[in-house]
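In what follows, every heavy atom counts, from backbone to side chain, and hydrogens, waters and symmetry copies are set aside. The chains referred to below are lettered A, B, ... by the order of the sequence lines, with proteins before strands, and numbering in each begins at 1.
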Amino acid sequence: MIGFGSSSVKPIVLSGIQPTGTLHIGNYFGAVKNYVALQDQYECFYSIVDYHAITVEHDPQELRKNTLAMAIDLLACGLDPKKCTLFVQSQVPEHTELAWILSAVTSYGDLQRMTQFKEKGELQEFVSCGLFTYPVLQAADILIYKASKVPVGEDQLQHIELARRIARRFNSRFGEMFPEPEALLTEAPRIMSPADPTRKMSKSLGPKHYIALTEPEESIREKIKTAVTDIGPRPEGEKSPGVANLFLLLKLTAPREIYEQFEADYAKGMLKYEPLKRTVAEYLVKTLEPIRARRAQLKEPEVKEILYEGAKRARAVARKTLEEARERIGVGRLIA
RNA sequence: AGGCCCGUAGCUCAAGUGGUAGAGCAGCCGACUCCAAAUCGGCAGGUUGGGGGUUCGAGUCCUCCCGGGCCUGCCA
């Protein structure tokens, strides 16, 4: 058992994961694989952020299903409840209370400048206030564990910066209590959509555009086989996005010699894409096999129990931070 | 609180004064291709936001409801 709170010597990591349902290989190679690695060096809190998911239109049953599906996939990928704390955000209500407190030290102008709000807002018919204040809840997610590191992609840097500003302002007004979190930028491979390799792999683009971790073998082979390769002319000596994507997958899944052999063939201009695709599919299937096996063994009640225990552990920490914050700003207790 | 506009296929939009709900893109299948792309051939796609009404007949007119946008007023 690991120690929590002040006795811990490992730096604290927080990452929030949107409950988008099952994971795809872009999620896995881009982020989740890294989460697994971080478990050993850091004290990790991994939160499935269902309260973030409700800021845009959603189906309640779908959300519940996706939240559990996400937990199952994360565990299958190798998140180990003995090493990290995996929990569902809404099961630790302290997050939302802290978010309200933090909203009071958040600049309206700062929120207006969030590019992700502008982008997501344009896609929505109805733009909720929650979508606007989303980054404040995100700041609370991080600060409530006094996390010092947050593994994120570049698109999230602006949000981390906001969390830092919020922490700084709170600290200067009410006394030092939140460490300023830092982004933990690890080089994450960007897996592109097989059907449109100029765009990042994503479920929202449609079924042709992603490969789920749980995808049946034949379907994986089919999607790799029909993956876009060369479209039109391209600069000399430069792989087209689709081909580069296949090579990336090969690098991530196949033994080095195999990968280098294909690179050499390509350099000599002797590469046929069909064998490349066959090989990529084969090693991808092989790589996903252990995940699939672990997933098959996970039973729902067991996963729910893990989440419940995770929430309990997270809450113990969150409650302390929240109490401290309430104390500082002068609410709750009426007699000094 | 009052007024105005809007809701049609997954998406963007069409359907003079009421008269068989269509197109483009996306999607699916096939041909071509080492695999793809492009191209070609084919297929599918809808309780027209919901209920009620007028009519021989309603996407279209009336009415109520739901949802979205805009203007004005009121309150601090």
Look through every strand shown and name the nucleotide pairing with G46(B) as Watson-Crick or G-U wobble, where both distances are under 3.5 Å. none
Parallel, tilted or perpendicular, as decided by the 30° and 60° cut-offs, for the rings of Y145(A) and F45(A): parallel
I need the CG-P distance between L123(A) and U12(B), as an integer number of Å. 11 Å
Separation of A37(B) P from Y273(A) OH (nearest whole Å): 14 Å
Whole angstroms only, please: what is the NZ-P distance between K239(A) and A36(B)? 21 Å
D265(A) CG to C34(B) C1', straight-line distance once rounded to whole Å: 14 Å
For K208(A) and A227(A), find the nucleotide of RNA chain B closest to each by heavy atoms; which residue's nucleotide sits nearer the 5' end? K208(A)
If we call it a pair only when both distances are under 3.5 Å in a Watson-Crick or G-U wobble match, what pairs with G7(B)? C66(B)
Nearest 0.5 Å please: distance from the CG atom of L38(A) over to the SG atom of C44(A). 5.0 Å
In Watson-Crick or G-U wobble terms, with both distances under 3.5 Å, the base opposite C61(B) is G53(B)
How many whole angstroms separate atom CD of Q124(A) from atom P of G7(B)? 20 Å
When the distance from NZ of K225(A) to C1' of C35(B) is rounded to whole Å, what number comes out? 7 Å
What's the CE-P distance between M270(A) and C34(B), to the nearest Å? 16 Å
Atom CG of L271(A) and atom C1' of C34(B): how far apart are they, to the nearest Å? 10 Å
Which part of the nucleic acid does K277(A) contact within heavy-atom distance under 4.0 Å: base, sugar-phosphate only, or nothing? base
Just name whichever nucleotide pairs with C40(B), Watson-Crick or G-U, keeping both distances under 3.5 Å, else none. G30(B)
